[in-house]
Amino acid sequence: MLFGLFNKPADYGFVVIWPIGTKIANIFIIERLEETDNSMVSYQSLRNYKGGLSLNKEEILGKLTEGVVEGDEDLVAEWVENAIDAGMEPLDIINEGLTKGIQIVGERFASGFYFLPDLLLGAKAMDVGIKKLEPLLAGKNREFVGRVLMGTVEGDLHEIGKNIVIMMLKTAGFEVIDLGVDVPASTFVNKVKEIKPDIIGISALLTTTVNRQKEIIELLIEEGLRSNIKVIIGGAPINQAWADKIGADGYAEDANVAVEVAKKLLGITA
Amino acid sequence: MQWLNFFSEEELLKVHEASLDILKKIGIGTKSDRLKTLLLDHGCHTQGERILFTQDVIDQGMKTAPACFNLYGRSNRPALEIGKKKAYAQTLVGAPSVVDLDSGERRDAVLKDLADNTRLADALDYINIISPLFPRDVPQEIILTVETATLLRNSTKPFSICIESSRELKYILDVLIAVAGSEAQLREKPLATLPISPLSPLDYGLHPAEALLDVADAGLPLGIEPCPQMGATGPMTLVGTVAMHNAEMLAGVIAAQLYKPGSPVTMSSRATFMDMRSGLGLWAMPELGLAGAALNHLSRYYNVPCAPGGFSGASKVADMQSGYEHLYNSLLEALAGSDIVGSAGSLDNALISCYVMLVLDNEISSVVQRTLREYEVSEDTLAVDVIKEIIETKSNFLQHKHTRKYLRAGELWVPSISERGTFEQWAAKGEKIEEKARSRAKQILATYQVEPLSPEADKEIDRVLERAKKELR
């Protein structure tokens, strides 16, 4: 009954309902999960009968999108190959299939239906597809809304929060280069010179390592790079006051906000 | 009182076996050659970058871990018996922020906050061990040395000083020795436990591994305090995270024992979980308390003292939410047998130190520790004769000597701050418990004085600080 009201992925009517009563939202989620299960069954049958079916471009793109939405990397891998076999353009496969999927994942996350694991599995499935397409992409540039360099400061090995932010940024259409953990200030700065990112994201979790964020900003200034780049900082002990104090352009208290801040800093409105 | 067993016997052994399986098949990672060599020399083997344990190594390591050790304060405070499951409350370590006592606003923690918070904790009877918050206005290079000095100058209680590396260890020890009198005296009557925090899942890195060995070398009680997050750096299932967390703590206990057999050590669980929308690390209820209780059950099985975090929750202010979160987690863990319960005075998932909350946690700790009291069941306490006498003489219990005797013996819990008077008494001021706690904190900070250090010890600490400043630049 409720399901009938909201069955199109784009109809996020339940966002309005959510705050009124969790009971309604729960019913809705159960309905949605049933839908998911059903669609999994239909994938299975499609896979089984694939040999005998001739699918058109729209149908293949639909499968790619659904594969990302369901976070099913096997399905994505299989249908990327089918798409290549069918002679489709790699950039079309990405832009009209995979990217559409990750956008739906992003919408569902924003509306509260999806959680972080759904988001990360969706991004992972998309990555699997893109890796398969990379050899065919030579000379063809993907379009990104911006380039972000990310890393955790020297002396700090924590990466979960940073990795969530990376996935969120990728989902939002950013190109992200990850320097990993325990990254010295000089490595950050050298990479900035090399790849000229729009934004640099510096993560620190330990209260004893947060000062490294300041160090990196100071080094950027010293090297005359600061004015060409936006600096976002994050990590559990970080707050806006610290960001102001060390002269960061942005601070995000969680991964959702990180994307908003990144977009705002680059003047992206969508 | 009987300890709460989180698992059935069969389940307990299953979780234990899973932890051993993890140590044997997945092992630990470390970048420390010293730790690696130690473990390999004792029979561990490598698989790629992992160090895998064998049953022999595990047995050898667990054999010498002491079931009990004492922790001391300066100026002859009674020793804390770590291993007797007394649920000593320990303040939160490392908070970069405090709630300002006047404005009620969150702001950066500074050195004065460390001094004040320590002095407040010293005055509160049911806060037993003090951990430093993280002052932002102190030179980074010598921060732990400054923290240790500030703790000693503002409290006579035992401390817990979490170290990320061995870098400042020498100076921390020198500060403690300045008060203990000598290295031998410090070893004999340790003034502090020094927890180290390896990375979850199952990684001792370079600095935590080196610090583990150096603390064992110094002969001070060690804490093994990894902090996994269910669903992020540990499995989504509670028992899965418990099995993994247990394994990573066992690895540290074993390493310390192989290096210095008989080293005092605690299994200091911090089983947090992730908010699956925002990615925030939650130190909230019920999962932290439940996993803590499960891990306490395991540590009782190993006969190794345990020190979970427990006075914690997600609430941002001292309010009803923080009250029930802290009580739930700390009481559940205490009932399952805790030696130390950490994070007292914390808010916002252990990111904020709050004076008001510390006063409230003192009250919670008081009733938690009270709950663990042994009740004597005897003819006299069962009082059948007294009941008979009262009925026969048509009297009441209020005027019986039995009542006076046990009242004086402390049969009733006496709250330090909770409101228990008549409605009219309360209405005269109409104060909420948070407001009352705030006044209490202010009053203590305005009047309470800590027994000062001897001038010699004080001067020696200054010299150590100078040395640290010079040598650690």
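The structure presented is a predicted model; accordingly, all values stated were derived computationally and were not measured.
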Winner by heavy-atom pair count (cut-off under 4.5 Å) against chain B, out of A:L119, A:N163, A:L120, A:N211: A:N211
B:E471 CD: over 12 foreign heavy atoms closer than 6.0 Å: yes
Hey, could you give me the CZ/CE distance between A:F109 and B:M276, rounded to the nearest 0.5 Å? 10.5 Å
May I ask you to name which of A:N239, A:V257, A:N256, A:D182 has the most heavy-atom pairs under 4.5 Å with chain B? A:N239
Please identify, among B:L351, B:I352, B:D203, the residue contributing the most non-hydrogen atom pairs under 4.5 Å to chain A. B:L351
How would you list, in number order, the residues of residues 246-255 of chain A that have a heavy atom less than 4.5 Å from chain B? A:E253, A:D254, A:A255
Answer yes or no: is there a side-chain heavy-atom contact under 4.5 Å between A:V210 and B:R136? yes
Side chain, backbone, both or neither: which part of B:R106 has a heavy atom under 4.5 Å from chain A? side chain
Could you check whether any side-chain heavy atom of A:L116 comes within less than 4.5 Å of a side-chain heavy atom of B:D275, counting everything from C-beta outward? no
Can you tell which part of B:S165 gets under 4.5 Å to a heavy atom of chain A, answering side chain, backbone, both or neither? neither
Does anything in residues 155-177 of chain A pair up under salt bridge (Lys or Arg N to Asp or Glu O under 4.0 Å), and if so which pairs, sequence neighbours excluded? A:D127-A:K170, A:R147-A:E175, A:K162-A:D178
Report the option among A:A241, A:G161, A:A236 that has the most heavy-atom pairs separated by less than 4.5 Å from atoms of chain B. A:A236
Taking all atoms of both residues into account, what is the closest heavy-atom pair of B:R277 and A:F113, and its distance? NH1-N, 4.3 Å
How far does OG1 of A:T207 sit from CD1 of B:I143, to the nearest 0.5 angstrom? 7.5 Å
I would like to know whether A:L157 and B:K31 meet side chain to side chain contact (heavy atoms under 4.5 Å, CB included); could you show each step before the answer? CA-CA 12 Å; A:L157 302 175; B:K31 291 234 152 42; over 6 Å; no
Close side-chain approach of A:I160 to B:M274, heavy-atom, < 4.5 Å: yes
Check whether more than 12 heavy atoms from other residues, nucleotides or ligands sit under 6.0 Å from atom NZ of B:K316, and answer yes or no. yes
Cut-off 4.5 Å, heavy atoms of chain B, and the answer for A:L206 is side chain
Is it true that atom NE2 of A:H158 has more than 12 heavy atoms of other residues, nucleotides or ligands lying nearer than 6.0 Å? yes
